[in-house]
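Here the structure comes first, spelled out in structure tokens, and everything after it is commentary.
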Amino acid sequence: MYRFFVCALGIAGTVLGQSVDSYISSEGPIAKAGVLANIGPSGSKASGAAAGVVVASPSTSNPDYWYTWTRDSSLVFKSLIDQYTTGIDPTLRTLIDDFVSAEAHIQTVDNPSGGLTSGGLGEPKFNVDETAFTGAWGRPQRDGPALRATALITYGNYLYSSGNTTWVTDTLWPVIENDLGYVVSYWNQTTFDLWEEVSSSSFFTTAVQHRALREGAAFATTIGQTSSVSSYTTQANNLLCFLQSYWNPTGGYITANTGGGRSGKDANTVLASIHTYDPAAGCDAATFQPCSDKALSNLKVYVDSFRSVYSINSGIASNAAVATGRYPEDTYQGGNPWYLTTFAPAEQLYDALNVWAAQGSLNVTSISLPFFQQFSSSVTAGSYAASSTTYTTLTSAIKSFADGFVAINAQYTPSNGGLAEQYSRSNGSPLSAVDLTWSYASAVTAFEARNNTQFAGWGAAGLTVPSTCSTSGGGGGGGGGSTVAVTFNVDATTVYGENIYITGSVAALSSWSTGSALLLSSANYPTWSITVNLPANTAVEYKYIRKNNGAVTWESDPNNSITTPASGSTTENDTWR
Ligand code: NOJ
Ligand code: NOJ
């Protein structure tokens, strides 16, 4: 229904702006209602779900999403809690209290990941009556407790400052404390990623865990529950340190997972940036804020990775918005664009525009230069005041670029406004789960960002990355010792379909496994590169391998060997043998 407007993009930016305005005015209320319809007990599409339980989608087959995921529920309720605590929707209080009760109960339900104090909080999903789901699944998923803590802390800060202190300390805090304790104990353990497929370390999970512990420390201090504050802060610092290791300086993007054997270009990273946005943190790159040079470079690489993989993107200018999905190699339900992943770049860019406007300038660095050059080929690194023509040129083009993602979703939104999970890569028709709660929530938050609606930050301003990372979690955490970032570059000529991986003698190099060897980036072909966090001051052996359609070719003997430095970082330059 919005096809006409999108086609007009190249003709006049204002036509695009108007179409986006009109889409938002019709879709905004539909999205809000779509969220509420999927929450028990009285949501119109959630009948049978317990009070406060968010159903992922009413779809009960192919795929069956008639479950409650901690991730989806927490992201959805974070948005509702933001609306309640800022006065946008004062009617949500009862529903939020239902959510608190539902999650407090779910925390106590024994499940295949464990019990309350033995890992069970990492269970990804439950039945809608709050009983355990016991079938096979990619578990645990360690982002859930962190996201739930973030939602509940937002609510807790509001209630505490409005005088409801007893309920916060006696009822809400124990639930939050369970989740923070889980993050402290398990952050350094292997997790399935948010897409429930890759078991390794995952940027989104690390980023939201960092946020939860950081704001958890401040919240606990505010309400006088100080016994674990120092462990929250210690592990938050370790998480912030570890977070840096996902950055791939050669490719200019954030590698989503340490395992998985893919490019690592993934909506995981864009979602992490928008869900750890703190307007007070400016364009800080340590926390990958939406307007940071690293997050902007990453956004370009992520978006560009979909230009040629979906035929609905063909013919679109190389600097205009396209439909995006979870990651370019995705095949789930056909491997299509998702509404929530296409809204995510829009939201990141709206957040960025809001920060630049607030600070009255924007900064172009050598890292973000390729991102900005999409909008003005002559721009150079430097700081541009809001009064400069460069600032005006860039920000107005970036606003249109951001609106373009909304316009693409608008183009593929059916006339009733329903948002499924995906839409066809070849013709744009809706696919997979209908009425996905998270799709609706992602529309709501993107539209709020476009409107510069201000929500509370979480203490991301002015953080300093520790100079060496400790990988020892608290309680049940594994590892121990510090790590250093080692960049491996290898010159290797490959044939089409062939990729270079690394494997070696330590767990961070997959312990000589070929199946989970780490894929190098070919961004600077014929040099292949990867940066890996390895144990400091340790003798490590490794080899590069080639994989082509499952066939593995090893480098010739002997093994390569290095001794890692005690701190800092180092680079190994090799040639394939
Ligand atoms: C179901 C999960 O929800 C989805 O994220 C995943 O891609 C598929 N299983 C395939 O593993
Ligand atoms: C599959 C997605 O990959 C996962 O992130 C989500 O939690 C479930 N579907 C439920 O929406």
Side-chain angles (χ1 to χ4, degrees), residues 31 34-35 37-39 43 45-46 49 53-79 103 106 111-113 121-128 133 135-148 151 191-200 202-205 207-208 256-257 259-262 266-272 274-275 324-344 418-423 425 430-443 445:
V35 166
N38 290 353
I39 304 174
K45 295 187 175 172
V53 163
V54 180
V55 168
S57 149
S59 173
T60 53
S61 68
N62 192 30
D64 181 0
Y65 278 15
W66 190 245
Y67 297 97
T68 186
W69 271 262
T70 304
R71 170 181 37 263
D72 299 47
S73 308
S74 300
L75 290 170
V76 162
F77 262 96
K78 172 63 165 59
S79 160
E103 297 302 314
I106 282 174
N111 62 66
S113 295
L121 299 185
E123 181 69 4
K125 68 173 191 180
F126 291 81
N127 296 318
V128 303
F133 166 75
W137 208 250
R139 58 168 67 89
Q141 297 176 19
R142 305 192 195 277
D143 55 336
L147 294 167
R148 182 167 53 202
T191 178
F192 272 86
D193 71 321
L194 80 170
W195 308 136
E196 320 193 278
E197 295 176 335
V198 177
S199 180
S200 67
S202 191
F203 181 79
F204 178 85
T205 304
V208 301
N257 300 308
R262 302 173 187 152
D266 195 313
N268 169 318
T269 60
V270 180
L271 291 165
I274 63 178
H275 291 298
T324 64
R326 299 194 299 183
Y327 50 92
E329 303 89 343
D330 198 1
T331 58
Y332 174 56
Q333 293 278 330
N336 297 288
W338 286 37
Y339 293 99
L340 76 92
T341 60
T342 304
F343 279 130
L419 296 180
E421 180 183 74
Q422 315 186 12
Y423 47 92
R425 62 199 286 155
L431 289 174
S432 190
V434 294
D435 295 316
L436 187 80
T437 325
W438 189 1
S439 293
Y440 288 126
S442 75
T445 59

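Atom set for the values below is all heavy atoms of this structure, side chains included, hydrogens, waters and symmetry mates excluded. Every number for a ligand or one of its atoms is a count from 1 in the order of the listing.
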Among all protein heavy atoms in this structure, tell me which lies nearest to [atom], with the distance rounded to 0.1 Å.
atom                    : result
atom 10 (C) of ligand 2 : Asp72 OD2, 3.3 Å
atom 9 (N) of ligand 1  : Tyr332 CE1, 4.1 Å
atom 5 (O) of ligand 2  : Leu194 O, 2.7 Å

Below 3.5 angstrom, do we get any N/O pair linking Tyr65 and ligand 1?
no
Which class fits the ring pair Phe133 and Tyr67: parallel under 30°, tilted 30 to 60°, perpendicular over 60°?
perpendicular
Aromatic rings Tyr339 and Tyr423: how do their planes relate, parallel, tilted or perpendicular, breaks at 30° and 60°?
tilted
For atom 1 (C) of ligand 1, which of Trp69, Trp137, Trp195 has the closest heavy atom?
Trp137
Which residue from Glu421, Glu197, Glu196 reaches closest to atom 6 (C) of ligand 1 through any of its heavy atoms?
Glu197
So do the side chains of Leu431 and Arg425 get within less than 4.5 Å of each other, counting heavy atoms only?
no
What do the steps show when you test Val53 against Ile39 for side chain to side chain contact (heavy atoms under 4.5 Å, CB included), and what is the final call?
CA-CA 6 Å; Val53 163; Ile39 304 174; over 6 Å; no
So is [X] close enough to ligand 2, meaning a heavy atom under 4.0 angstrom away?
X      : answer
Thr437 : no
Lys125 : no
Trp338 : yes

For Leu436, take its heavy atoms, then give the atoms of ligand 2 lying under 4.0 Å from any of them.
11 (O)
Quick check on contacts: which atoms of ligand 2 are under 4.0 angstrom from a heavy atom of Trp438?
5 (O)
Aromatic Phe192 / basic Arg139 pairing, under 6.0 angstrom, 45° off normal
no
Whether the [X] and [Y] side chains hold a donor-acceptor pair (N or O, under 3.5 Å, no angle test) is what I'd like checked.
X      : Y      : result
Tyr332 : Glu421 : no
Trp66  : Asn127 : no
Gln333 : Asn62  : yes

Ligand 1 contact by Gln333, heavy-atom criterion under 4.0 angstrom
no
Criterion side-chain hydrogen bond (donor to acceptor under 3.5 Å, both in side chains) against Ser202, the qualifying member of Thr191, Asp193, Asn268:
Asn268
Short list, please: which atoms of ligand 1 are under 4.0 Å from a heavy atom of Arg326?
4 (C), 5 (O), 7 (O)
